Chemist: 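So that we are looking at the same thing, I have put the structure below in structure tokens.
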Amino acid sequence: MTTIAITGFASLDHVAVLDGAPRAGRTTTILQRPQDAWPRLGGGPAFVAMALVADGIAQAIPVSWIGDDTAGDAYRDQLAARGVPDRGLDAVAGARTPVSVLAYEPDGGCICLYDPGMPAGLTLSAAQRELVGTADWVCITIGPAAVNDAVLDAIRPGTRLAWIVKHDPRVLSVAQAARFAARADLICFSHAEAGFVQQALAGAGAARPGQVLIETRGGAGATITRDERSIAVSAEPLAVTDPTGAGDSFAGGVLAALAKGETDKGETDLAAVVRSGHAAARRLLLARQTSENESALRE
């Protein structure tokens, strides 16, 4: 059974769709917010893991940090409700479980407020290090700076590594990005992050044999590159007001396809990898849309 460990920040998300841009001294109305959970399970590890579990990878394990508080219990409960293992979580004594406020404006822009709730200097616990060291795949999302080096030090030579890029210099140095770029079997990034990834690849020197690069372009689809061969794969547009987690879900779908060996047969299978990512993101967004429509009917 394939085991995939996903490292990065945890979050419980308070998501709201607004009727306008917030301004001091003026009330802004919330037009829509999730009805199933407030706050809602969030953070890169959870979204990637949920997509993997939905795609048949049962041992997709978030490696992250929560508080020993009621919010931490809620985080575990929401993982369990989606069939995601929680044994990679470290409950930090005296800390608060991280929370985010994600407020979407009518033009699609998002105001993000994040309370990390954690002490500085987080790194892998002994149990987390063992999990990372024995996994078949390790997937790195944005997380504590000390974890970046700890993960690369803990993984075995034969472990496959996925890097889900978020350009945040507060927790990811140029040198660390170059180490990821040199070691990763999969790098998944947005069009806006392409320059940052190219800089990391240049710093890495020679590319890892068989390395897969996927650049996402929103509704325009994505481009997958392996061994200097690129394929563009379109996506079916889907109008949404709350896209939270779609990118990480896409990455989870891609990772599920790669873990099942979808690139072993050539060019057609490269396109199948991207389609798996699109399907995972679409599954998340359609489920969310259905929940919103059912809520509206009840009202």
Side-chain angles (χ1 to χ4, degrees), residues 1-8 43-64 79 82-89 128-143 151-152 154-166 180-189 207-216 222-227 229 231 233 235 245-284:
M1 181 180 294
T2 300
T3 299
I4 301 178
I6 310 112
T7 69
F47 282 117
V48 173
M50 286 189 287
L52 284 162
V53 168
D55 228 331
I57 308 293
Q59 292 303 304
I61 306 170
V63 175
S64 194
L79 284 182
R82 292 158 177 81
V84 177
D86 70 353
R87 69 178 185 272
L89 298 180
Q128 289 173 329
R129 185 178 297 274
E130 181 179 0
L131 180 56
V132 167
T134 57
D136 300 292
W137 276 85
V138 173
C139 175
I140 298 174
T141 71
I142 196 70
V151 167
L152 291 173
I155 59 176
R156 297 168 295 166
T159 301
R160 303 191 72 185
L161 180 69
W163 176 26
I164 312 307
V165 177
K166 182 175 181 180
F180 286 167
R183 181 61 177 80
D185 297 278
L186 166 68
I187 304 177
C188 194
F189 56 97
R208 186 169 174 83
Q211 186 178 74
V212 175
L213 306 176
I214 300 182
E215 179 181 326
T216 60
T223 299
I224 182 168
T225 301
R226 188 184 66 177
D227 298 329
R229 183 175 70 244
I231 303 169
V233 183
D248 289 319
S249 298
F250 172 90
V254 163
L255 186 49
L258 289 173
K260 295 174 183 177
E262 293 287 1
T263 60
D264 290 344
K265 300 176 185 177
E267 192 166 303
T268 300
D269 297 290
L270 287 180
V273 167
V274 178
R275 286 195 294 270
S276 179
H278 285 157
R282 188 173 182 84
R283 184 167 56 236
L284 172 83

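All values reported here derive from a predicted model rather than from experimental measurement.
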Chemist: Atom CD1 of Ile61 and atom CG of Leu52: how far apart are they, to the nearest 0.5 Å?
Modeler: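 Nearest 0.5 Å value for the CD1-CG distance: 11.0 Å.
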Chemist: Do you know which two heavy atoms are closest between Val84 and Ala49, and how far apart they sit?
Modeler: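 Residues Val84 and Ala49, closest heavy atoms: CG1-CB, 3.8 Å.
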Chemist: Test your reading of the model: is there a side-chain donor-acceptor pair from Ser64 to the backbone of Gly8, 3.5 Å cut-off?
Modeler: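 Between the backbone of Gly8 and the side chain of Ser64 there is a qualifying donor-acceptor contact (under 3.5 Å).
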Chemist: What is the minimum heavy-atom distance between Ala280 and Ala51, and which atoms define it?
Modeler: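 It is CB-CB, 4.2 Å.
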Chemist: Could you tell me the separation between the CD1 atom of Ile57 and the CD1 atom of Ile4, rounded to the nearest 0.5 Å?
Modeler: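 Taking CD1 in Ile57 and CD1 in Ile4, the distance rounds to 5.0 Å.
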Chemist: Phe47: what forms a ring pair (Phe, Tyr, Trp, His ring centres under 6.0 Å) with it, not counting sequence neighbours?
Modeler: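 None.
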Chemist: Could you tell me which non-hydrogen atom of Ser276 sits nearest to which non-hydrogen atom of Gly253, and how far apart they are?
Modeler: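 Heavy atoms of Ser276 and Gly253 come nearest at OG-O, 2.7 Å.
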Chemist: Show me the side-chain donor-acceptor pairs of residues 132-143 shorter than 3.5 Å, one per line, residues at least two apart or across chains.
Modeler:
unit_1 : atom_1 : unit_2 : atom_2 : d
Thr134 : OG1    : Glu130 : O      : 2.9
Thr134 : OG1    : Leu131 : O      : 3.4
Asp136 : OD2    : Thr3   : N      : 2.8
Thr141 : OG1    : Thr7   : O      : 2.7

Chemist: I need the minimum non-hydrogen distance between Pro45 and Pro62, along with the two atoms involved.
Modeler: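 Scanning both residues completely, I find the closest heavy atoms to be CB-CB, 3.8 Å.
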Chemist: Between Thr159 and Arg183, is there a side-chain heavy-atom distance shorter than 4.5 Å?
Modeler: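 Yes, close enough: below the 4.5 Å cut-off.
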Chemist: Using a 4.5 Å cut-off on heavy atoms from C-beta on, say whether the side chain of Ile214 contacts that of Val273.
Modeler: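 Result yes, sub-4.5 Å side-chain heavy-atom pair found.
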Chemist: Are side-chain heavy atoms of Phe250 and Leu284 found at a separation under 4.5 Å?
Modeler: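 No. Closest side-chain heavy atoms not under 4.5 Å.
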Chemist: Does a side-chain heavy-atom distance below 4.5 Å link Arg275 with Val233?
Modeler: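 Yes, close enough: below the 4.5 Å cut-off.
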Chemist: I'd like to know if the side chain of Asp185 and the backbone of Gln211 have a donor-acceptor N/O pair within less than 3.5 Å.
Modeler: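 Checked: no pair found.
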Chemist: Just verifying a value: how many Å separate Leu152 CG and Leu161 CG, rounded to the nearest 0.5 Å?
Modeler: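 Interatomic distance, Leu152 CG to Leu161 CG, rounded to 0.5 Å: 6.5 Å.
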Chemist: Distance-only, no hydrogens or angles: does the Arg208 side chain make a donor-acceptor pair with backbone N or O of Ala182 under 3.5 Å?
Modeler: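 The answer is no, because no donor-acceptor pair under 3.5 Å joins these two groups.
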Chemist: Dump the intermediate steps for side chain to side chain contact (heavy atoms under 4.5 Å, CB included) on Leu89 and Leu79, then the final yes or no.
Modeler: CA-CA 11 Å; Leu89 298 180; Leu79 284 182; 3.8 Å; yes
Chemist: So how far is it from Lys260 NZ to Asp269 CG, rounded to the nearest 0.5 Å?
Modeler: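 One gets 13.5 Å once the value is rounded to the nearest 0.5 Å.
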Chemist: Using atom types as modelled and distance alone, determine if a side-chain donor or acceptor of Gln59 lies under 3.5 Å from a backbone N or O of Thr2.
Modeler: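 Flag not set: sc Gln59 to bb Thr2 has no pair under 3.5 Å.
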Chemist: How would you list, by chain and number, every residue that makes a side chain to side chain contact (heavy atoms under 4.5 Å, CB included) with Ala251, sequence neighbours excluded?
Modeler: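 Counting only residues at least two positions away or on another chain, Ala251 forms a side chain to side chain contact (heavy atoms under 4.5 Å, CB included) with Ile164, Cys188.
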